[in-house]
Amino acid sequence: MKKGRIVPQYNFAKIEKKWQKSWQEKKVYEVDINNAKKPFYNLMMFPYPSAEGLHVGGVYTYTGVDAFGRFKRMQGYDVFEPMGLDGFGIHSENYAMKIGEHIDDVSKRTEKNFYRQLSSIGNMFDWSRTVETYKPEYYRWTQWLFLQLFKKGLAYQKKAKVNWCPSCKTVLSDEQVIQGQCERCDSFVEKRELKQWFFRITKYADRLLKNLDWIDWPEDVKTNQRNWIGKSEGANIKFQVEVAGENKGELEVFTTRPDTLFGATYMVLAPEHELVQSAKEVIENWSEVDKYVKKAISKSEQERKNDEKTKTGVELKGISAINPASGEKIPVWVADYVLAGYGTGAIMAVPAHDARDFEFAKKFGIEVKCVVEPKDSKTGLIFRLGTPKEDPQEKLEKIYKGEECYEGLGVSMNSGFLNGKSTTEAKAEMLEWLEKKNVGKKSIDFKLRDWCVSRQRYWGPPIPIVWCKECAKNQNKRKVLMIHGFEGVGDGNWFPHLKKELEEKGCEVFTPTLETNTKPDLEQWMKQLKPYLDKLDENSVIIGHSLGSKAILHLLEGNKQKVDKIFLVASAIGNLKRDWKWLADRWKNSDVESLRKFWEAELDWSKINPKVNESFAIVSKDDLYVDVSNYEAMELDGLNVEIWDGHRHFQQTENAALKDFIFENLFSNSEAVAVPVPDNQLPVKLPPMKDFLPEGTGKGPLAKNAEFVKTTCPVCGADAERETDVSDPFVDSSWYFFRYPSTEFDDVAFDKERTKKWLPVDSYIGGKEHTVLHLLYSRFITMVLKDSGYIDFDEPYKKFFGHGLITKEGAKMSKSKGNVVNPDVMIEKYGADTTRMYLRFLGDFSQGGDWRDSGIEGMNRFTKRLWSLFFELEGNGKGVDDFSMIDKTIKVVGEDLEKLSFNTAVARLMEFVNWVKENKNQFNEKQVKKIKETMALIFAPMMPHIAEEFWQEIGGESFVCEQRWPNYDKDKIIDNEIELVIQVNGKLRDKIKTPRDITENEAKKISLESENIQKFINGKEVRKVIYVPGKLVNIVI
RNA sequence: GCCUCGGUGGCGGAAUUGGUAGACGCGCACGACUCAAAAUCGUGUAGUAGUGAUACUGUGAGAGUUCGAUUCUCUCCCGAGGCACCA
């Protein structure tokens, strides 16, 4: 060994470039996508490519996730770490308009810049599989996804009062409105009524909620999602409405506190509530009411926000309601503190136990009736009320007198049969009573609303829909098969009234007469129905009653024929309401056994559902034969269940409500009908447009492009118009992780085998700000894809970890403050390794951290020290006896990386380096070899370039990133000698070195004998001696 | 108002089945090297008292449980983020 070796200069620019090139050339990070033995999908949130370039926060996340991915790879996993760009959206569009360039050019430039930056941070991205949401190869499948939802009835259009940003000239989702202002430009948002496309996410509310119970996510993220979904359980209660003593129908409300019904002293309707308009004639003060309602409805978010503090409203004079519990006549008001979109748009107001109602009642002098005592039902003790400064007794008196509002739990009072019951009991009992009296029932409401995906902008995927007027005309001309039930309906024309009206609309209606003698036979019915099924086409409709509906389902199950819609009226797919014996008694002449066989024949809904575009089941809880509760429980996928009141079995020859319902769902009143673009015509390309400013009329910029708009209908070939809305960028990002493993497929969005191999995602790491919307949307889309049979899992991410944000010297980074850290500058000045390492050291990954320029200087010194130390080590010493530091470091750093506890991992590595430095002249040759090898390996996840350089220096094979994480010797982790801590009365008084396996008595003995301790005992009585093995002795005196 | 997270030296932050508070780093001070500075290396660094060993105080405030509390319980204060007239 030669002495005084020359340490090469640490030229990070050179070595980082060298290794990045080498990794790329050798395709080290291109995972073997088909044959990987231990696939590990290491996903991070792809960035939105802004013109300013990659934010240091992005570097923070990506290098952190990469350190984890590299560690996983060293544990033997085939780690797939893809990257892409979420480039659609209003920011890019606004920016392009601002600088007067075309968005296509801007996008090309930012893409190049982003990928350059992302390549410079030393991540193991698989650059052979990128995803850019704004490229036709990608958004083709976003459009395909839209159509999947459309075909399942999960994408629909409705006129909706939407948030309109006058500056961006576009619609915003509720989520993008922050306190009445546009999330993007801070303009105050107005309300406008426009036709919008929605995704029916509310249908999945329960499932989105339930799965949270088992998915392996941090609790706070789950809580956020739960709150957003906002499930509340309560009751719907009907109040009778009276005008001049005469009953004028009913008013339904939703409440979570049915136990307070006796305290409902008035009712409030939302300004939009239909009763307000329909009762116009009988409202005595109509002009006043009309004025209020008009004003309230036109209020913008801004005004509502400003008015929040004061409650306003008008009484509907001449109208009153009857409290179903107390029988009292109570006034009805209209007020804008009641929201049309939640519950039933009307409330029963219980001012004594709801702060909002209380405020309103006090302002307008309405009676406040206390019906809940604030006391514990078991102990009878009055709850402690208010702050310690207030007098509890006085407060209690006020509550009883209705001078204060009490919202908590307690014991019912002034409430008839509920008196003395706890709130929980009273709720249950009231529900039971309501159901018995048929004036209310259990009900569940969600805060979650359907996802508005329409955007009247240019830079997004065009919604793949064609509007056809010709089809709207033809739509009415369809074949309808009506099938009667068992109950012997004359000539097979069950419900002749409906038949007649369908024919008037231009439909061809079949009403076969089935064998309905005393012995119904399924096989026979199916045989009789088959010729009729053969006459139908994909636009046809089936309306089946009772057993007849069951027979046609069995027939559909085994046949290829597809139909458009099916209506199951009082269908025998539900259980029999009572038992068969009862039926046998009732139907003495029928063969109940054969009926039973028919009724109970098993159906496979999953075979029927794909053959029907939309299916409805209409059933009544007053049905004589069919059990409704069973319908509620069935939850058949795609089946829309309608449960009505007061129909015994829908056998009437005329039923206006049923006819209306069927017509409503069969015939569109609009001029044109939405026709999905066929899959083979996708993508609907975004046409090049020089002027892509929105018109500001409510239609998107695409409406200005006549060439784009004009098309032919894919169904009938007539002239038709394209939809001009584009979809929300959240749709793009709701499925991108499905695409990464399948980027080379141009015939499917994602390949089945690939998806099976790589999904669900093993680890997803991203910012906490996305924990509600993006995560919820992608969970929803995953569920839809599962229900369509494309995948077999419900949840897209096995693990999610939300990291914190980084600040600069304690302040938020922003362009306006000019305190933005530019990653390019940092990498140029300190290199990627030092930057990565410093970002890891900032603080807990989940909490974020604070960037300090002086801090990275310190890390720079460390890197240089590490570099020199490595090359200075020679191994001429006689050897260090205690070499266990190496094993301890390997263990602890490995554990920290697994937990994403990067900051402590860095601290451990520093301690290790300090130890090597202290002993650098004592190590022998063998020890130096081990140290150098270990250094290369344990630094590899966080400082990948320097680690490769180390690895090369010691002559290691291939790349260090392909090596295994080193093993440690378990025996060396445990020290044989420990420092026994001795406390007196819990205070540290002495430390003594002892062998690890010291006995309890021995430990106590030496503790008591210690000179320091004797000083403290000083003749006092030793009461107790506590021994914690291997740790401490506490002497109590 | 509600929900969630947090509050530890001059600063970023460590430390949890309750058991040595302040790891690691920044900053600062002093020293070495140097004509000098930078860089580098070394020493010290929670506060108070003391030359010192050491003693007392100390994890937002107060109380409680315990032999022992940064950790658990209760009350309160402050900060950050999210939601907000959701019945």
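Lettering of chains follows the sequences in order, A, B, ..., and the numbering in each one begins at 1.
Heavy atoms of A/R861 sit under 4.0 angstrom from primed sugar atoms or phosphate atoms, though from no base atom. Among the heavy atoms of the strands lying under 4.0 Å from A/K987 are primed sugar atoms or P, OP1, OP2 only; no base atom is included. A/D357 comes within 4.0 angstrom of no nucleic acid atom, judged by non-hydrogen atoms across all strands. Across all strands shown, A/L842 has heavy atoms under 4.0 Å from sugar-phosphate atoms exclusively, and none from any base. As judged by a 4.0 angstrom heavy-atom cut-off over every strand, A/R865 is placed among residues touching the sugar-phosphate backbone only. Note on A/Q983: a base of the nucleic acid sits closer than 4.0 angstrom, heavy atoms only. Counting non-hydrogen atoms under 4.0 angstrom, A/G343 reaches nothing in the nucleic acid.
In this structure, A/F730 has its ring center at least 6.0 angstrom away from the ring center of A/W451.
The same atom, P, is picked in B/rC33 and in B/rU17; the two are 49 Å apart, to the nearest Å. Taking atom P in both B/rG60 and B/rC11, one finds a spacing of 13 Å when rounded to whole Å. If you take atom P in B/rC83 and the same atom in B/rG19, they sit 38 Å apart, rounded to whole Å. Nucleotides B/rG42 and B/rU20 place their P atoms 30 Å apart, quoted to the nearest Å. Distance check on atom C1': B/rC78 versus B/rC28 gives 29 Å, rounded to whole Å. For B/rA53 and B/rG47, the P atoms lie 14 Å apart once the distance is rounded to whole Å. Going from the P atom of B/rG79 to that of B/rU73 covers 24 Å, rounded to whole Å. Separation of the P atoms belonging to B/rG82 and B/rA14 is 23 Å when rounded to the nearest angstrom.
Rounding to whole angstrom units, NZ of residue A/K1024 and P of B/rU66 are separated by 10 Å. Put simply, CD1 on A/I806 is 20 Å from P on B/rA80, counting in whole angstrom units. Whole-Å rounding puts the A/K899 NZ to B/rU16 C1' distance at 11 Å. Distance, A/Q847 CD to B/rA15 P: 11 Å, rounded to whole Å. Rounded to an integer number of Å, the gap from CG of A/D853 to P of B/rG27 is 12 Å. For the pair A/F845 CZ and B/rA14 P, the interatomic distance rounds to 14 Å; values are reported in whole Å. A/R257 has its CZ atom 12 Å from the P atom of B/rA87, to the nearest Å. Computed from coordinates, the A/L269 CG to B/rA87 P distance equals 18 Å when rounded to whole Å.
Within a 6.0 Å radius of NZ in A/K442, other residues, nucleotides and ligands contribute 12 heavy atoms or fewer.
Using a 4.0 Å cut-off, some side-chain N or O of A/S232 falls inside it from OP1 or OP2 of B/rA87. For B/rG25, the OP1/OP2 oxygens have a side-chain nitrogen or oxygen of A/N914 closer than 4.0 Å. Of the side-chain N and O atoms in A/K917, one or more sit less than 4.0 angstrom from OP1 or OP2 of B/rC41. For B/rG12, the OP1/OP2 oxygens have no side-chain nitrogen or oxygen of A/N903 closer than 4.0 Å. In this model, the phosphate group of B/rA87 is not approached by any side-chain N or O of A/K311 to a distance below 4.0 Å at OP1 or OP2. An OP1 or OP2 oxygen of B/rC56 is reached within less than 4.0 angstrom by a side-chain nitrogen or oxygen of A/R989.
Checked for salt-bridge contact, A/R226 and A/D213 meet the test: a charged N lies under 4.0 Å from a carboxylate O. A salt bridge is absent between A/E252 and A/K238: the closest approach of a Lys/Arg side-chain nitrogen to an acidic carboxylate oxygen does not fall below 4.0 angstrom. Residues A/D354 and A/R257 are not paired through a salt bridge, judged by the lack of any N-O separation under 4.0 Å between the basic side chain and the carboxylate.
Nearest to the side chain of A/A907, among B/rA87, B/rG19, B/rC24, sits B/rC24. Out of B/rC85, B/rC26, B/rG12, the shortest distance to the side chain of A/D336 is found at B/rC85. Nearest nucleotide to the side chain of A/L988, out of B/rC85, B/rC11, B/rU20: B/rU20. Here the side chain of A/F841 is nearest to one of B/rG25, B/rC67, B/rC11, namely B/rG25. Checked against B/rC26, B/rA87, B/rG12, the side chain of A/V338 finds its nearest nucleotide in B/rA87. Comparing B/rA87, B/rG19, B/rG12 against the side chain of A/L1032 picks out B/rG19 as the nearest. Checking B/rC3, B/rC67, B/rC83 against every side-chain atom of A/W228, the shortest atom distance belongs to B/rC83. Distance from the side chain of A/F254 is smallest for B/rA87 among the nucleotides B/rC5, B/rA87, B/rG19.
Checking A/S854 against A/T223, the closest nucleotide of RNA chain B that is more toward the 5' end is the one next to A/T223. Nucleotides of RNA chain B nearest to A/G986 and A/T344 differ in position, and the one nearer the 5' end is that of A/G986.
Both tests hold for A/R779 against A/W217: distance to the six-membered ring centre under 6.0 Å, angle to the ring axis within 45°. With a 6.0 Å cutoff to the six-membered ring centre and a 45° limit on the axis angle, A/K864 does not count as a cation-pi contact of A/Y10.
A/T863 and A/T834 share a donor-acceptor pair across their side chains, judged by distance under 3.5 Å alone.
The ring-ring contact (aromatic ring centres under 6.0 Å, His included) test with A/Y838 is passed by exactly one of A/W851, A/F862, A/F902: A/W851.
Atom CE of A/M267 and atom CH2 of A/W333 lie 14.5 Å apart (nearest 0.5 Å).
In RNA chain B, runs of at least 3 stacked Watson-Crick or G-U pairs (N1-N3 plus N6-O4 or O6-N4, or N1-O2 plus O6-N3, all under 3.5 Å) give these stems: B:1-7 with B:77-83, B:10-12 with B:24-26, B:27-32 with B:40-45, B:46-49 with B:54-57, B:60-64 with B:72-76.
Proximity of a side-chain donor or acceptor of A/R852 to a complementary backbone N or O of A/K808 within less than 3.5 Å is not detected.
Its glycosidic angle being within 90° of 0, B/rG9 falls on the syn side.
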